Amino acid sequence: MRVLHVLAQLPTKTGSGVYFTNVIDGLKNFNITQAAIYATTPEYNFSILDTVYEVEFEGSNLDFPIVGMSDIMPYNNTLYKNMTDKMMKSWQTEFRKKLVEAKKEFCPDVIITHHLWILSSIVCEVFTDSKIIGVCHNTDIRQAKKNPSLKEKYVLNLSKLDKVLVLSNGVIAEISKVYSYPKENIINIGAGYNEKIFYPLENYTQKDKIEILYAGKFDESKGFFELIKAFRKLELLRNDVTLELIGNVKKKIKQKFLV
């Protein structure tokens, strides 16, 4: 089987990028030939697979930053809502070139395309004779709700997805409503975890304190502020719990919560 993975962002650098990369790593354990299409910039050099089709932003293909599914990204990014018609046309053209190139050279049996958004719609347009699986990461639903005009104009072919994979049951009804996609074709596979990093509880060393670790965006969309408020309340009840935060600290966030 030949599987093509498609992502409009950087691999490894966001939740969906990490998910994208881990799916590829997981499938290396099977008799599957893989290729990938993704965004990059001149400063990155990914070695995910031998066969890749990169769309370079701020470089040879496109002169603007990568367009992020979230308005706040851990790297320089463009917002979909701020794209001009010229930017959108060139963005679509470059990704379409890579998709057509991969179709001709790699000839995938299955395409796994991440985010129910503009690029996945183009995937459905290009690959009419292959099985296509879409993966929802929730940021796509937020984009569709925040930018309905973009959805109506550019997200036109998701009905052609053979299946949609979601990370929790809570979004199934939303996907069906927002994209008019049949619920019976939506499968909850769970968020998953990397067993190379996370281990069963019995394998951890016992410690005097309970250590809580948050790694991610310091942003409202991730429940960051609710976490801080909950921990502040927890601190009043017990003194054997610590919270470590890993991510970019914005000045206003630091002043409000972290001092």
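Note that the coordinates shown come from a computational prediction; the quantities given were computed from them, not determined experimentally.
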Donor-acceptor pair, distance only, cut-off 3.5 Å: does the side chain of Gln9 make one with the backbone of Met69?
yes
Side chain to side chain contact (heavy atoms under 4.5 Å, CB included) against Ser176, all qualifying residues, sequence neighbours excluded
Lys183
For Ala102, all residues meeting side chain to side chain contact (heavy atoms under 4.5 Å, CB included), sequence neighbours excluded
Leu4, Ile37, Tyr53
Ring pair (Phe, Tyr, Trp, His ring centres under 6.0 Å) partners for Tyr214, two or more places apart
Phe224
Residues 128-136, side-chain donor-acceptor partners within the protein, below 3.5 Å, at least two apart:
{"residue": "Ser130", "atom": "OG", "partner": "Pro108", "partner atom": "O", "Å": "3.2"}

Counting only pairs under 3.5 Å, give me each side-chain donor-acceptor contact of residues 166-174, with atom names and distances, residues two or more places apart or in other chains.
{"residue": "Asn169", "atom": "OD1", "partner": "Asn188", "partner atom": "ND2", "Å": "3.2"}
{"residue": "Glu174", "atom": "OE2", "partner": "Lys145", "partner atom": "NZ", "Å": "2.2"}

Under the side chain to side chain contact (heavy atoms under 4.5 Å, CB included) test, residues paired with Lys160 that sit two or more places apart
Cys124, Asn157
Quick one: list whatever passes side chain to side chain contact (heavy atoms under 4.5 Å, CB included) with Thr84, sequence neighbours left out.
Lys86, Met87
Residues which pass ring pair (Phe, Tyr, Trp, His ring centres under 6.0 Å) with His137, listed by chain and number, not counting sequence neighbours:
Tyr19, His114, His115
Who pairs with Asp109 by salt bridge (charged side-chain N to carboxylate O under 4.0 Å, His left out), at least two apart in sequence or on another chain?
none
Using the test ring pair (Phe, Tyr, Trp, His ring centres under 6.0 Å), find all partners of Phe231 that sit at least two apart in sequence or belong to another chain.
none
Salt bridge (charged side-chain N to carboxylate O under 4.0 Å, His left out) filter on Lys104, not counting sequence neighbours, yields none
Of all residues at least two apart in sequence or in a different chain, which pass the salt bridge (charged side-chain N to carboxylate O under 4.0 Å, His left out) check with Asp85?
none
